[in-house]
Amino acid sequence: MSGNVLLRAAVSSSRYGAVEVLHDVTVEVAEGEIVAVLGSNGAGKTTLLRTISGVLVRARAEILLDGRDLARFSAPERVRAGVVHVPEGRRVFADLTVEENLEVPAFARRATSADLRSCLDQVFDVFPILAERRSQRAASLSGGQQQMLAVGRGLMSAPRLLMVDEASLGLAPATTDEMFAALARLGAGGLSVLLVEQNARASLEIATRAYVLEHGAVRLAGTAVELLHDDRVASTYLGGALAAGDEQFAREG
């Protein structure tokens, strides 16, 4: 890992009711680093983000941001501390315009006029199509544009850590490429990003490091380059053919 550690999340247990989803999971994200979290459906990826953001409260975890423990913070308090979660599902206000959608998070944190303008400029620079559609209702946008708006809303909360859950889900290939290019630009600009994605190859191509979750625990961890060329990752997540030595990994996954 390069740079200072911004986030260290050590999750002893995270559960829905009586069902424990995560156990003994630790992830770290450095300043200005993109970290990918890979895994099959049900592996615990979304639960990890919800645990870090405080949306899931039935958890025993140490959530350190710059060494400050946020474990007892509410979800809104974690947002104010700089941990911003863009959940799966393109959650935007359909009846509001693009610009109004973007203004809501800024107003919630009482941003100054100058701060609001600066954040809007950043979002429109990352997603130029939103600038073109700024006066349109969110309901009139394409699915890809709504996803861009959802990420843009996250940026309007002035995050130190942006967590994005399934940014490319359901998007056309060209729009997926645009989304990953935008996330790569944000990382290159110094923003820390924790990315949960089914599109493992695209994630690894923009990430510095990655974790692979299986059955609620970290199965593999390493640099993105290492995992991109790992036979076990290739066979399970990148569409590679199973080699004899990978069959046990596939059965256990």
Side-chain angles (χ1 to χ4, degrees), residues 34 37 45-56 74-113 115-187 189 191-199 202-203 206:
I34 298 178
V37 180
K45 305 185 302 297
T46 292
T47 300
L48 175 63
L49 296 194
R50 289 177 176 172
T51 301
I52 295 171
S53 65
V55 175
L56 185 64
S74 67
E77 288 171 336
R78 296 187 196 195
V79 172
R80 288 192 289 273
V83 177
V84 176
H85 182 185
V86 180
E88 178 185 342
R90 304 170 194 167
R91 301 183 188 182
V92 298
F93 296 112
D95 292 332
L96 298 184
T97 67
V98 167
E99 189 160 2
E100 288 168 343
N101 264 275
L102 294 172
E103 289 173 342
V104 169
F107 290 151
R109 63 181 176 86
R110 299 192 174 111
T112 64
S113 297
D115 188 10
L116 172 63
R117 175 54 50 196
S118 176
C119 287
L120 282 173
D121 287 345
Q122 180 196 25
V123 172
F124 291 151
D125 180 59
V126 174
F127 300 115
I129 191 63
L130 296 183
E132 298 176 22
R133 305 282 194 268
R134 64 194 303 163
S135 298
Q136 288 185 214
R137 290 173 60 246
S140 71
L141 301 179
S142 69
Q145 291 164 0
Q146 288 184 12
Q147 185 61 68
M148 292 175 188
L149 180 56
V151 174
R153 280 168 47 83
L155 294 174
M156 294 299 292
S157 292
R160 298 193 61 203
L161 173 72
L162 183 70
M163 303 192 300
V164 185
D165 194 354
E166 300 291 2
S168 71
L169 186 65
L171 302 188
T175 309
T176 295
D177 290 345
E178 288 183 52
M179 178 59 68
F180 278 99
L183 293 172
R185 287 182 60 195
L186 291 170
L191 180 62
S192 298
V193 179
L194 186 58
L195 179 64
V196 157
E197 258 293 335
Q198 289 283 22
N199 192 331
S203 300
I206 69 168

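What you see is a predicted model, and the numbers here were worked out from it, not measured in a lab. We use all heavy atoms of the structure for the numbers below, so side chains are in, but hydrogens, waters and symmetry mates are not.
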Audit row: Met163, Leu48, side chain to side chain contact (heavy atoms under 4.5 Å, CB included) steps and yes/no: CA-CA 10 Å; Met163 303 192 300; Leu48 175 63; over 6 Å; no

Working for side chain to side chain contact (heavy atoms under 4.5 Å, CB included), residues Leu186 and Val126: CA-CA 8 Å; Leu186 291 170; Val126 174; 3.8 Å; yes

Pair Arg78-Ser53, side chain to side chain contact (heavy atoms under 4.5 Å, CB included): steps then yes or no: CA-CA 6 Å; Arg78 296 187 196 195; Ser53 65; 5.6 Å; no

CA sep, side-chain torsions, deciding dist, call: Leu194, Ile52, side chain to side chain contact (heavy atoms under 4.5 Å, CB included): CA-CA 11 Å; Leu194 186 58; Ile52 295 171; 3.8 Å; yes

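Counting only distance, with no hydrogens or angles, the side chain of Ser203 and the backbone of Asn199 share a donor-acceptor pair below 3.5 Å. Side chain of Asn101 to main chain of Val92: no donor-acceptor pair is present (N/O by atom type, distance under 3.5 Å, no hydrogens or angles).
Rounded to the nearest 0.5 angstrom, Ser135 OG and Glu100 CD are separated by 9.0 Å. We find the NZ-CD distance between Lys45 and Glu88 to be 9.0 Å, quoted to the nearest 0.5 Å. Between the CG atom of Leu102 and the CZ atom of Phe107 there is a distance of 10.5 Å, given to the nearest 0.5 Å. With rounding to the nearest 0.5 Å, the separation of CZ in Arg117 from CZ in Phe124 is 7.5 Å.
Taking Val193 as the reference, Ile34, Leu191, Leu195 meet the side chain to side chain contact (heavy atoms under 4.5 Å, CB included) condition, with sequence neighbours excluded. For Pro76, the side chain to side chain contact (heavy atoms under 4.5 Å, CB included) partners are Ser74, Arg80, not counting sequence neighbours. Ser168 is linked by a side-chain hydrogen bond (donor to acceptor under 3.5 Å, both in side chains) to Glu197, counting only residues two or more places apart in sequence or in another chain. Under the rule for a side-chain hydrogen bond (donor to acceptor under 3.5 Å, both in side chains), Arg90 has no partner lying at least two apart in sequence or in another chain. Qualifying side-chain hydrogen bond (donor to acceptor under 3.5 Å, both in side chains) partners for Gln198, counting only residues two or more places apart in sequence or in other chains: Asn41. Considering only residues two or more places apart in sequence or on other chains, Thr112 meets the side chain to side chain contact (heavy atoms under 4.5 Å, CB included) condition with Ala114, Asp115. Applying the side chain to side chain contact (heavy atoms under 4.5 Å, CB included) test to Thr51 and every residue at least two apart in sequence or in another chain returns Val11, Ser14, Leu22, Thr47, Leu56, Ala59, Ala61. Residues that satisfy the side-chain hydrogen bond (donor to acceptor under 3.5 Å, both in side chains) test with Arg91, not counting sequence neighbours, are absent from this structure. By the salt bridge (Lys or Arg N to Asp or Glu O under 4.0 Å) test, Glu99 pairs with Arg134, sequence neighbours left out.
Under the salt bridge (charged side-chain N to carboxylate O under 4.0 Å, His left out) criterion, the residue pairs touching residues 175-185 are Asp125-Arg185, with sequence neighbours excluded. Pairs of residues two or more places apart, or lying in two chains, that qualify as side-chain hydrogen bond (donor to acceptor under 3.5 Å, both in side chains) and include a residue from residues 155-167 are Glu31-Arg160, Thr46-Asp165, Asp66-Arg160.
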Show the atom names and distances, to 0.1 Å, of all donor-acceptor pairs under 3.5 Å that link a side chain in residues 140-150 to residues at least two apart or in another chain.
residue	atom	partner	partner atom	Å
Ser140	OG	Gln136	NE2	3.0
Ser140	OG	Arg137	O	2.7
Ser142	OG	Gln145	N	3.2
Gln145	OE1	Ser142	N	3.1
Gln146	NE2	Ala138	O	3.2
Gln146	NE2	Leu141	O	3.4

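Taking 4.5 Å as the limit, every side-chain heavy atom of Phe127 sits out of range of all side-chain heavy atoms of Glu132. With a 4.5 Å cut-off on side-chain heavy atoms, Leu162 and Val164 count as touching. Side-chain contact between Leu96 and Val104 is present, with at least one heavy-atom pair separated by less than 4.5 Å.
In this structure, Pro159 and Val84 approach most closely via the heavy-atom pair CB-CG2, 3.5 Å.
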